[in-house]
Number of protein chains: 2
Amino acid sequence: MSNDENIYRQMLNAIVEHQLPPGARLPEDRLSEAFGVSRTGIRKVLQRLALEHFVIIEKNKGAQVNRPNEAEASEVLDSRILIEPQLIPALLDHWNTEHSERFRIMVTEEKRAEEANQLADSIQLTARFHYELAKLSGNQVLASFVEQLCYRSSLILAAYGTRGSVGCECGDHSQLLDILDQGRKDEAKTWMSHHLKHIKSSLILESKPEENIDFQRLFGR
Amino acid sequence: MSNDENIYRQMLNAIVEHQLPPGARLPEDRLSEAFGVSRTGIRKVLQRLALEHFVIIEKNKGAQVNRPNEAEASEVLDSRILIEPQLIPALLDHWNTEHSERFRIMVTEEKRAEEANQLADSIQLTARFHYELAKLSGNQVLASFVEQLCYRSSLILAAYGTRGSVGCECGDHSQLLDILDQGRKDEAKTWMSHHLKHIKSSLILESKPEENIDFQRLFGR
DNA sequence: AATGAATTAATTGTGCACAATATTGGTGTG
DNA sequence: CACACCAATATTGTGCACAATTAATTCATT
């Protein structure tokens, strides 16, 4: 694996696993010495993360982990609600017992991670489940977008999730596999839709006091 | 406007307007002297364009304008077919006469550009029409994705489009506005779906002999 | 003349140094 | 004591130089 990709993965993981919480500053010096590469390499990675909305870069102020506002949180979830159920039909065209078994193993791991209270693994596995499902639709363009949305969702859960927002899905995922095994297309679509709406409704989107208030926008000018 | 953003825009325009055709090499030296900035700034822009799939960067071989293969072309159009019609309901919630007038002006410009045979303007305006429509749905996350897909479609038309692939849409767009003015939701959805399928079917996706055959994948390893 | 090796040229990858900017802390004055 | 101003520090922005890699050319050999 290329070095850049490796650093990117590590940082993305740290962000979605909430080890780098929303708002955390990411000074290039520290990162460059932590990873043992020059600032040049770090900057490349940070810019990629910024384009994918995982970090925010402000000119002459550096990078920090994105703290999604309520609008962004809502839109990301709405996007998933709009897209993921629509992928079910194409997905079912390729669905077979091998896939089913592979996903059941994933669900087992999800449960294990949840019971062991390993939040990081749990988050990763939940996102992977949805992404791998999207990939089976056969459309890699959409699958990549869904992947990004899933990881952004993890970030959103860090900011607006209740305790258990992540874990409470695990039992659910095996339900979907049952439905898919029976080839019930419409039921699978509505299940996916409900599932995502459930996640969205579990968020606390009331305007909680933001820690970095944009006073300029609020009063000034 | 920031300097980076300016360079990015100019290059993106040149690409989607087919002034930089698919496969064109983009040496950092030439670009840096053309734009009057150092290679550092150019690299940043190139990396952004690469993440958005407008250029391909190969290690130690530099950047070139992406030449989408048939799978990618198909998937991009399918993505639009899946998403854009679904945006209609939310869009209609905000639709009013001001919007209608604004879009009719855009369509008029489209026609003018087409009749004047100004391919570049025509391409830009077509993409803008779909993007601005998507923005009205109120979901900026999805709208940005649609924007990217529209521009990628321009690139695809450069590679697989027939003469008139671009222009033949203009008359159509005003049809949609009529339907929207009448608030006919389902009709607008199916219109959008047909419209995009029509564009996709106008592409020549037969496996034309690829100029760069990947012998590595074919035989090697 | 065709093939293959070796040299040369062109291009990208990476780290460093310095400039530009923002933030923080301190100092002096009203 | 409040306020403005200035200095110091920390951090990012940018360009340049050199290393590493690839592509092109030349040359020798059969």
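In what follows, chains are A, B, ... by sequence order, proteins preceding strands, each numbered from 1. Hydrogens, waters and symmetry mates are skipped; everything else that's a heavy atom, side chains included, is used.
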| If each of A:Lys61 and A:Val37 is mapped to the nucleotide of DNA chain C with the nearest heavy atom, which maps nearer the 5' terminus, i.e. the 5' end? |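 Its nucleotide being nearer the 5' end, the pick is A:Val37.
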What pairs with [X] under ring pair (Phe, Tyr, Trp, His ring centres under 6.0 Å), at least two apart in sequence or on another chain?
X        : answer
B:Tyr8   : none
A:Phe145 : B:Phe145
A:Tyr131 : none

Tell me every residue that passes side-chain hydrogen bond (donor to acceptor under 3.5 Å, both in side chains) with [X], counting only those two or more places apart in sequence or in another chain.
X        : value
A:Glu115 : none
B:Glu109 : none
B:Gln140 : B:Ser144

Enter the distance from [X]:[atom1] to [Y]:[atom2] here, rounded to the nearest 0.5 Å.
X        : Y        : atom1 : atom2 : result
A:Leu20  : A:Glu17  : CG    : CD    : 10.0 Å
B:Leu133 : B:Met192 : CG    : CE    : 5.0 Å
B:Arg9   : B:Glu5   : CZ    : CD    : 6.0 Å

| task | Determine, stepwise, if the pair A:Glu72 / A:Arg152 fulfils salt bridge (Lys or Arg N to Asp or Glu O under 4.0 Å). | result | CA-CA 10 Å; A:Glu72 182 182 338; A:Arg152 287 173 78 175; 3.1 Å; yes
| task | Would you jot down, in residue-number order, the residues of residues 45-60 of chain A having a non-hydrogen atom under 4.0 Å from DNA chain D? | result |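 When residues 45-60 of chain A is checked for heavy atoms under 4.0 Å from DNA chain D, the hits, listed by number, are A:Lys59, A:Asn60.
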| said: Applying salt bridge (Lys or Arg N to Asp or Glu O under 4.0 Å), can you list everything that pairs with A:Arg102, at least two apart in sequence or on another chain? | reply: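 Here the qualifying residues are A:Glu132.
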| Pairs meeting criterion salt bridge (charged side-chain N to carboxylate O under 4.0 Å, His left out) with involvement of residues 137-146 of chain B, two or more places apart |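 Those involving residues 137-146 of chain B do not exist here.
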| query | Counting a pair only when it is Watson-Crick or G-U and both distances are under 3.5 Å, which runs of at least 3 such pairs involve DNA chain C? | reply |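 The stems that DNA chain C takes part in, listed by first number, are C:1-30 with D:1-30.
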| Over 12 non-hydrogen atoms of neighbours within 6.0 angstrom of CZ in B:Arg128 |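 12 or below, so no.
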| task | Please tell me which of A:Gly62 and A:Thr40 maps to the more 5' nucleotide of DNA chain D, matching each residue to the nucleotide holding its nearest heavy atom. | result |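 The residue closer to the strand's 5' end, by nearest nucleotide, is A:Gly62.
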| task | Identify, residue by residue, the members of residues 25-35 of chain B with a heavy atom below 4.0 Å from DNA chain C, and return them in order of residue number, or none. | result |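 Here the set is B:Leu26, B:Pro27, B:Glu28, B:Asp29, B:Arg30.
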| query | Where does the chain A footprint on DNA chain C start and end, counting 5' to 3' with a 4.0 Å heavy-atom cut-off? | reply |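 For DNA chain C, the relevant span reads C:dT14 to C:dT23.
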